[in-house]
Amino acid sequence: MTLRVAVIGARGRIGSEAVKAVEAAPDLELVATLGRDSELSELADAGVQVVVELTHPDSVMGNLEYCLHNGIHVVTGTTGWTDERLATVRGWLAESPRTGLLIAPNFSIGAVLGMQFAQVAAKYFESVEVVELHHDRKADAPSGTATRTAQLIAAARTKAGRGPQQDPTTHGLEGARGADVDGVPVHAVRLRGLLAHQEVLFGDTGETLTIRHDSLHHSCFMPGILLGVRKVVDHPGLTFGLEHFLDL
Ligand SMILES: NC(=O)C1=CN([C@@H]2O[C@H](COP(=O)(O)OP(=O)(O)OC[C@H]3O[C@@H](n4cnc5c(N)ncnc54)[C@H](OP(=O)(O)O)[C@@H]3O)[C@@H](O)[C@H]2O)C=CC1
Ligand SMILES: O=C(O)C1=N[C@H](C(=O)O)C[C@H](O)C1
């Protein structure tokens with residue numbers, strides 16, 4: 001049995017690549033492609049089972065509300081997640097208990113592994129900062145991946161009994177030390193020519209460790225998206241992070 005799949009954001013940078021990937025997958029059938037001006041009712045009309053949602057923080061909530069209320073499973077990589085937004089989608093899922101939602105801050109296997117490795121290193125290094133670098137059309141900063149990475153590092157530090165990092169800065173310009181995500185400084189670079197890159201910098205007495213990941217083409221996100229589509233139908237409720245569908 002093939003799964004009936006739709007892509008929302010089908011003309012976008014990652015959405016257009018997802019359309020090609022779903023079309024090429026023998027066990028998936030692409031039955032709808034939606035853009036900014038499409039009617040969400042097209043999804044129900046086409047009998048869509050799984051939506052791949054790759055749009056914008058301004059539109060993701062409306063798309064998810066429609067899908068979850070209609071029992072359509074969703075795999076989304078759209079950014080802009082806050083605790084408040086997550087609580088809202090949990091409420092929608094509670095009303096549709098057989099429906100699955102995967103929110104993946106990053107679909108690339110290398111990026112997911114980088115986050116895992118960073119959690120391990122976080123226990124052993126006193127200093128840590130995250131630098132993310134993206135293309136110059138990105139709507140959000142810091143990136144969803146960098147935010148999640150910093151949250152995971154902060155949790156690992158707390159679990160290891162590490163206190164907050166000390167920052168001796170008393171003089172300087174606003175913003176020079178980056179955004180504070182759970183006590184981890186996160187710096188965002190936007191540069192034409194880049195796609196998506198991240199360095200997690202660790203330091204302690206006499207040594208540093210850098211965990212770097214580079215996405216060089218949007219094709220790197222496709223194995224993760226396809227895995228998410230195949231798995232989400234058997235995972236009702238919210239799954240946050242592709243790592244939960246990997247054998248790590
Ligand atoms: N998790 C991951 O691994 C990845 C996540 N992303 C995230 O995916 C999202 C999309 O990225 P990207 O493809 O670069 O963005 P693009 O701007 O290239 O594409 C977004 C698409 O979404 C649609 N869209 C934009 N705004 C709205 C809106 N307000 N309402 C409805 N539809 C809208 C547009 O449709 P139209 O063309 O019809 O205007 C557009 O085609 C971002 O949040 C990005 O951070 C990106 C790469 C990897
Ligand atoms: O906008 C992008 O391009 C990307 N967005 C995601 C993020 O914010 O982490 C994933 C990847 O970095 C590409």
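Counting starts at 1 for both ligands and their atoms, following the listed order.
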Nearest non-hydrogen contact to atom 10 (C) of ligand 1 from the set T78, L195, T55, V7 belongs to T55
Verify the cluster assignment for L28 and F107: are they in a single hydrophobic cluster under the rule of side-chain heavy atoms below 4.5 Å apart? yes
Test applied, side-chain contact (heavy atoms from CB on, under 4.5 Å); reference residue, V7; option that passes from I225, V52, L34: V52
Are there more than 12 heavy atoms of other residues, nucleotides or ligands under 6.0 Å from atom CG of D136? yes
Which part of K138 is near ligand 1, with near meaning a heavy atom under 4.0 Å away: side chain, backbone, both or neither? side chain
What's the shortest distance from atom 43 (O) of ligand 1 to any protein heavy atom, and which residue and atom give it? T79 OG1, 2.8 Å
Just so I know, are the side chains of F117 and V200 near enough to count as touching, which here means a heavy-atom distance under 4.5 Å? no
Would you call R148 a ligand 2 contact, heavy-atom distance under 4.0 Å? no
CG of L191 to NE2 of H134, rounded to nearest 0.5 Å, is 12.5 Å
Side chain, backbone, both or neither: which part of A111 has a heavy atom under 4.0 Å from ligand 2? neither
Should F221 and L113 be regarded as members of a common hydrophobic cluster, given that ILVMFWY residues are connected when their side-chain heavy atoms come within less than 4.5 Å of each other, either directly or indirectly? yes
For ligand 2, which atoms, with element, lie under 4.0 Å from some heavy atom of G144? 7 (C), 8 (O), 9 (O)
Run the numbers for me: atoms of ligand 1, each under 4.0 Å from some heavy atom of G35, listed by number. 38 (O)
Hydrophobic cluster membership, with links at side-chain heavy-atom distances under 4.5 Å among I/L/V/M/F/W/Y: are L68 and L102 in one? no
Please give me the minimum heavy-atom distance between Y124 and D204, naming the atom from each residue. O-OD2, 3.6 Å
Numbered in order shown, the ligand 2 atoms found under 4.0 Å of a heavy atom of A196 are 11 (C), 12 (O), 13 (C)
Pairing of R190 and E132 as salt bridge, 4.0 angstrom limit: yes
When you measure from atom 4 (C) of ligand 2 to every protein heavy atom, which one gives the shortest distance, and what is it? K138 NZ, 3.7 Å
Around atom 30 (N) of ligand 1, find the nearest protein heavy atom and jot down its residue, atom name and distance. S59 CB, 3.1 Å
Using a 4.0 Å heavy-atom cut-off, say whether P105 meets ligand 1 through its side chain, its backbone, both or neither. backbone
Which of the listed options, L34, I225, L54, holds the heavy atom that is closest to atom 21 (C) of ligand 1? L54
CD of Q166: more than 12 outside heavy atoms within 6.0 angstrom? no
Specify the protein heavy atom at minimum distance from atom 9 (O) of ligand 2: its residue, its atom name, and the distance to 0.1 Å. T145 OG1, 2.5 Å
Protein contact of atom 1 (N) of ligand 1 - nearest heavy atom, named by residue and atom, plus distance: A104 O, 2.9 Å
Numbered atoms of ligand 2 (with element) below 4.0 Å of N106, judged on heavy atoms: 10 (C), 11 (C), 12 (O)
I want to confirm something. Looking only at heavy atoms, which of G144, G77, A139, A111 is nearest to atom 8 (O) of ligand 1? G77
For atom 41 (O) of ligand 1, which protein heavy atom lies nearest, and how many Å away is it? G12 N, 3.1 Å
Which heavy atom of L54 sits nearest a heavy atom of G77, and at what distance? CD2-N, 3.8 Å
Nearest protein heavy atom to atom 32 (N) of ligand 1, by residue and atom, and its distance? R36 CA, 3.6 Å
Quick check: does R11 get an N/O under 3.5 Å from an N/O on ligand 1? yes
Just jot down the ligand 2 atoms closer than 4.0 angstrom to any heavy atom of D140, in number order. 8 (O)
Could you tell me whether ligand 2 has any atom less than 4.0 Å away from a heavy atom of I14? no
Ionic contact status for K20 with E23, cut-off 4.0 Å: no
Can you report which non-hydrogen protein atom sits closest to atom 17 (O) of ligand 1, along with the distance? R13 NH2, 3.5 Å
Heavy-atom pairs closer than 4.0 Å: do any link ligand 1 to the side chain of H56, the backbone, both, or neither? side chain
Looking at H134, which atoms of ligand 2 are within less than 4.0 Å of one of its heavy atoms? 2 (C), 3 (O), 4 (C), 11 (C), 12 (O), 13 (C)
Side chain, backbone, both or neither: which applies to S143 and ligand 2 if a contact is any heavy-atom pair less than 4.0 Å apart? both
For atom 11 (O) of ligand 1, the protein heavy atom that lies nearest, with its residue and separation: I14 CG2, 4.0 Å
Starting from atom 3 (O) of ligand 2, which protein heavy atom do you reach first, and at what distance in Å? H135 NE2, 3.0 Å
Quick test: of every protein heavy atom, which one is nearest to atom 2 (C) of ligand 1, and how far off is it to 0.1 Å? F107 CD1, 3.5 Å
